[in-house]
Amino acid sequence: MKTKKQTKISLEQLSILPSFAQYLLQHHLNDYVTVQLQFLEDIDIPMMKYFKELSYEQLFQLSKDSSEEMLTFLAANKARAQIQTSIKQWKENHMPIIKKEEIQAEDVTLSIYLRKKTFLHFIQDFTPELEKILELINEIDLFLAVSETELTNTYGACNRSIGILAS
């Protein structure tokens with residue numbers, strides 16, 4: 001069995017995720033949001049209780065805006081900047097509807113899971129090439145792993161500072 005020598009990928013040198021994100025932006029943004037909201041019905045993310053008063057149209061628009069922002073960063077090969085922007089919005093309490101202290105660890109992990117499920121749904125539409133699919137999945141995994149790590153670290157730091165303030 002022949003194995004391909006893999007070079008180490010980094011968030012700064014993604015090769016396929018940027019074109020995948022551009023593809024989603026140009027051809028499937030509304031579909032991406034629709035699929036994500038469908039998957040959301042089966043995933044119990046605790047923070048979604050804060051969004052229950054929104055109409056489907058309002059939730060769709062919020063999801064579309066955030067998805068478009070994320071995909072635009074990824075299409076520009078600025079995955080790390082996307083993560084940093086998300087963290088800054090969270091730390092500075094600039095998220096729509098929800099306050100930073102209302103986020104739970106499970107919100108972070110389940111949101112990452114939801115994002116991966118949604119990405120994977122569109123891969124076969126993007127390319128039928130197995131090697132390209134596998135490389136794209138590796139890049140998605142890297143992006144989501146770094147996102148989850150950074151967001152989890154931020155969650156821990158926010159909770160520690162809230163605990164210190166409450167003491």
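Quantities reported herein were computed from a predicted structural model and do not represent experimental measurements. Numbers for residues simply follow the sequence, beginning at 1.
The number of heavy atoms from other shown groups lying within 6.0 Å of OH (Tyr113) does not exceed 12. At most 12 non-hydrogen atoms from other residues, nucleotides or ligands lie less than 6.0 angstrom from CD of Gln124.
Residues Leu29 and Lys64 form a side-chain contact, since some pair of their non-hydrogen atoms from C-beta on lies under 4.5 Å apart. Within the 4.5 Å cutoff, the side chain of Glu12 has heavy atoms near those of the Arg80 side chain. Counting heavy atoms from C-beta outward, Phe51 and Leu62 have side chains that approach closer than 4.5 Å. Using a 4.5 Å heavy-atom cutoff, the side chains of Ser19 and Phe126 are in contact. Contact check for Gln22 versus Gln26: side-chain heavy atoms found under the 4.5 Å cut-off. Leu25 has its side chain out of reach of Leu74: every pair of non-hydrogen atoms, C-beta onward, lies at least 4.5 Å apart. Side-chain contact between Glu148 and Ser111 is absent, with no heavy-atom pair separated by less than 4.5 Å. Residues Ser147 and Val108 form no side-chain contact, since every pair of their non-hydrogen atoms from C-beta on lies 4.5 Å or further apart.
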Side chain to side chain contact (heavy atoms under 4.5 Å, CB included) for Ile97 and Leu54? Distances and angles first, verdict last. CA-CA 10 Å; Ile97 313 291; Leu54 297 180; 4.1 Å; yes
- request: Start with the C-alpha gap between Arg115 and Phe143, add the side-chain angles, then the distance that decides, and say whether side chain to side chain contact (heavy atoms under 4.5 Å, CB included) holds.
  value: CA-CA 11 Å; Arg115 187 172 281 174; Phe143 168 63; 4.1 Å; yes
Test side chain to side chain donor-acceptor pair (under 3.5 Å) applied to Ser86 and Gln82, step by step:
CA-CA 6 Å; Ser86 293; Gln82 189 282 323; 3.0 Å; yes
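Side-chain N/O atoms of Ser15 and Glu139 include a donor and acceptor closer than 3.5 Å. Between the side chains of Gln89 and Thr85, no donor N or O sits under 3.5 Å from an acceptor N or O.
With values rounded to the nearest 0.5 angstrom, Met47 atom CE is found 10.5 Å from Glu106 atom CD. Here the straight-line distance linking atom CE of Met70 with atom CG of Leu24 works out to 8.0 Å at 0.5 Å rounding. Atom CE of Met48 is separated from atom CD of Glu41 by 10.5 Å, given to the nearest 0.5 angstrom. Distance check: Glu150 CD to Ile83 CD1 gives 6.5 Å after rounding to the nearest 0.5 Å. Expressed to the nearest 0.5 Å, how far NZ of Lys117 lies from CD1 of Ile112 amounts to 15.0 Å. In this structure, the separation between CG on Leu11 and CG on Leu142 is 4.5 Å, given to the nearest 0.5 Å.
When all heavy atoms of Glu129 and Thr127 are compared, the pair lying nearest together is N-OG1, 3.1 Å. Nearest heavy-atom pair, Thr118 versus Phe39, reported as atom, atom and distance to 0.1 Å: OG1-CD1, 3.8 Å. Residue Ala75 comes nearest to Ala21 through the heavy atom pair N-CB, 3.6 Å, listed as atom of the first residue, atom of the second, then distance. Across Leu110 and Asp44, no two heavy atoms sit closer than the pair CD1-O, 3.3 Å.
Hydrophobic clustering (side-chain heavy atoms under 4.5 Å, transitive across Ile, Leu, Val, Met, Phe, Trp, Tyr) keeps Phe73 apart from Trp90. Hydrophobic clustering of Ile, Leu, Val, Met, Phe, Trp and Tyr side chains at less than 4.5 Å, counting indirect connections, keeps Phe119 apart from Leu134. Under a hydrophobic-cluster definition in which Ile, Leu, Val, Met, Phe, Trp and Tyr are linked whenever side-chain heavy atoms come within less than 4.5 Å, directly or via other members, Phe122 and Leu130 are assigned to different clusters. Taken together through direct or relayed side-chain contacts under 4.5 Å among Ile, Leu, Val, Met, Phe, Trp and Tyr, Tyr23 and Leu120 form part of one hydrophobic cluster.
Applying the side-chain contact (heavy atoms from CB on, under 4.5 Å) test between Val33 and each of Val35, Leu37, Asn30, Asp31 identifies Leu37 as the sole match.
In this structure, His28 has its ring center no closer than 6.0 Å to that of Tyr32.
A donor-acceptor contact shorter than 3.5 Å is absent between the side chain of Asn77 and the backbone of Pro18. A distance-only check finds a donor-acceptor pair linking the side chain of Gln58 to the backbone of Ser55 [under 3.5 Å].
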